[in-house]
2 protein chains.
Amino acid sequence: MKLTPVMERFVLHWGEMGGRWGVNRTVSQIHALLYLSEAPLTAEEIADVLQVARSNVSTSLRELQSWGLVKMVHITGDRRDHFEAHHDVREIFRVVVEERKKREIDPTLTLLRACTTEAGNETPKAVRERMQNTLAFMELLTSVYDEVHQLPDAGLMAWLKTGLKARKLMR
Amino acid sequence: MKLTPVMERFVLHWGEMGGRWGVNRTVSQIHALLYLSEAPLTAEEIADVLQVARSNVSTSLRELQSWGLVKMVHITGDRRDHFEAHHDVREIFRVVVEERKKREIDPTLTLLRACTTEAGNETPKAVRERMQNTLAFMELLTSVYDEVHQLPDAGLMAWLKTGLKARKLMR
DNA sequence: CTTATATTTTACTAATTTCTGAAATAACAG
DNA sequence: CTGTTATTTCAGAAATTAGTAAAATATAAG
C-alpha cells in the first residue's frame with residue numbers, strides 16, 4: 001500500500017480538518033485512507049502508511065467503528081482483521097450529521113426541557129422566554145432532521161435541491 | 001448581576017457544549033451569559049459571575065466579536081466597555097452555521113478542487129472518481145447554503161418546514 | 001501633565017488530549 | 001499444550017490548548 005502524492009495530500013488534509021470536527025487527527029486520517037483505499041486494509045498496514053503507533057490505530061479504528069464509519073471485514077485465508085469504510089460520500093455525510101446531532105444537539109435539548117420546566121418566578125420572564133424559544137427552535141431542527149434523514153438517498157438529494165430555488169419561490 | 005440556579009445551569013451546560021463545537025468553555029459560557037442577560041455587561045462583571053480571570057474574559061470576548069456573536073456597546077456616563085449578544089436564537093444559528101462552513105467546509109472544497117485538477121494517471125481511476133464525487137456533493141451543499149442563508153428569517157423557517165413533509169411528498 | 005481606571009498583551013502554569021511503547025490478552029497453527 | 005501472530009489495554013511521555021497573574025498600554029478625568 002503506497003499513496004500517490006495526491007492521495008497523501010488528501011489524507012493529510014482530512015486529518016487536519018478532523019481537529020475542527022471533534023475527531024482527532026489520526027482518527028480522521030485513517031478514515032480518509034480507508035475511504036480512498038480500494039481494498040480493505042489491516043491495522044498494521046494503516047500504521048505503516050500513516051506512520052503512527054499500532055496501538056493508536058487500534059483505538060482509532062474502534063472509534064471509527066463506533067461512529068459506524070468503518071467496519072471490520074475478513075479475507076479468507078488471512079486471520080488478521082481488515083477494515084473498510086463506506087465509499088459513498090453521502091453515506092458519510094448522513095452518519096456524521098447523525099452523530100453530531102447526538103453529541104451537539106440532543107444533550108442541549110434535554111437541558112432546555114429541564115430548564116423550561118423548572119424555571120419559576122425567580123427567573124426573569126424574558127430569560128424564560130428566551131429559553132423557551134431556543135427549545136422550540138431546536139425542536140424544529142430536530143423534527144426536520146428526523147424526517148429528512150430517513151429519506152432514501154434520492155429523496156434527500158431532492159429535498160436539498162429545493163433549497164436551490166428557495167429564494168425564487170419565496171417571492 | 002446574580003444568576004438564578006436555572007440560569008447558572010444553562011450557562012454551565014452551554015460551556016460544556018462549547019467543547020464539542022470548537023470553542024472553549026469560557027468563550028461559550030460568556031456567550032451563554034450574554035445571551036441570557038437583560039442588559040449589556042462589562043468584562044469585569046462577566047469575570048465576576050463566571051469566576052474566571054479578567055484577562056481570559058478579554059480574549060474570549062474578542063473571539064466572540066470575531067464570530068459576530070457579541071458586540072461592544074457603550075452606556076452614557078460609563079466609560080467601560082459593555083458587551084451584548086444577539087437574543088435571537090435563529091440569528092445565532094445563522095452565524096454559527098456560516099462560521100462553521102468557513103472553517104469546516106471551505107478549506108476542504110479548496111483542497112478537493114486542487115486534488116481533482118492535479119490527479120493524473122498515477123492516481124487510480126476509482127480514487128479520482130471518489131474525489132470528484134466528494135467535490136460535487138460538497139459543492140451542492142455549498143450552493144444550497146448560499147441560497148438558503150440569505151433568505152429572510154421567515155423564508156428560512158418556511159424552507160426548513162418543507163423538510164417536515166418531505167417523506168410524504170416523496171411518495 | 002498626572003493620576004486613576006479600563007483593557008490588552010505576554011510569559012508562564014495548569015489542564016487536557018493525543019500518542020507511544022510495553023505488557024497483557026486473545027486467537028490460532030502445529 | 002506450546003509457540004507464534006494479532007490485538008487490546010494501559011501507564012506515562014509529548015504535545016496542545018486553556019487559563020492566570022502581572023506587566024504594559026491605553027483612555028479619560030481632574
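Note: hydrogens, waters and symmetry copies are ignored here, and every other heavy atom, side chains too, is used. Letters A, B, ... are given to chains in the order of the sequence lines, protein chains preceding strands, and every chain is numbered from 1.
Nucleic acid contact class of Thr26(A) (heavy atoms, under 4.0 Å, all strands): sugar-phosphate only. Using a 4.0 Å heavy-atom distance criterion, Arg25(A) is classed as a sugar-phosphate-only contact.
Rounded to an integer number of Å, the gap from CZ of Arg20(B) to P of dT17(C) is 11 Å. Arg54(B) has its CZ atom 6 Å from the C1' atom of dT7(C), to the nearest Å. Atom pair Asp78(B):CG and dT7(C):C1' shows a separation of 14 Å (rounding to whole Å applied). At whole-Å resolution of the value, NE2 in His82(A) and C1' in dT5(D) are 13 Å apart. If you measure from atom NE2 of His74(A) to atom C1' of dA6(D), you get 10 Å, rounded to the nearest angstrom. Distance, Ile75(B) CD1 to dA6(C) P: 14 Å, rounded to whole Å. Summarising the geometry, the separation between CG on Leu64(A) and P on dT8(D) is reported as 13 Å, rounded to the nearest angstrom. Regarding Ile30(B), its CD1 atom lies at a distance of 13 Å from the P atom of dA18(D), rounded to whole Å.
Within a 6.0 Å sphere centred on NZ of Lys71(A), heavy atoms belonging to other residues, nucleotides or ligands number 12 at most.
Listed nucleotides: dT20(C), dT9(C), dT7(D). Nearest to the side chain of Arg62(B): dT9(C). Of the candidates dT8(D), dT7(C), dA6(D), dA6(D) carries the atom nearest the Arg79(A) side chain, counting heavy atoms from C-beta on. Listed nucleotides: dG19(D), dT9(C), dT20(C). Nearest to the side chain of Ser58(B): dT9(C). Of the candidates dT20(C), dT18(C), dT20(D), dT18(C) carries the atom nearest the Asn24(A) side chain, counting heavy atoms from C-beta on.
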Nucleotide N/O to protein N/O under 3.5 Å, stretch nucleotides 22-24 of chain D:
none

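Between Trp14(A) and Trp21(A), the angle of the ring planes lies from 30° to 60°, which puts this pair in the tilted group.
Under the 4.5 Å side-chain contact rule for hydrophobic residues, Tyr35(B) and Leu12(B) do not share a cluster.
Here the side chain of Arg167(B) pairs no donor or acceptor atom with the backbone of Gln150(A) at under 3.5 angstrom.
Salt-bridge formation is not detected for the pair Lys161(B)/Glu147(A): no Lys NZ or Arg NE/NH1/NH2 atom is positioned less than 4.0 Å from an Asp or Glu carboxylate oxygen.
Side chains of Asp81(B) and Thr42(B) form no contact here, defined as non-hydrogen atoms less than 4.5 Å apart.
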message = Checking Thr134(B) against Thr116(B) for the side-chain contact (heavy atoms from CB on, under 4.5 Å) test, could you report, in this order, the C-alpha distance in whole Å, the side-chain angles of both residues, the deciding distance, and whether it holds?
response = CA-CA 10 Å; Thr134(B) 310; Thr116(B) 51; over 6 Å; no

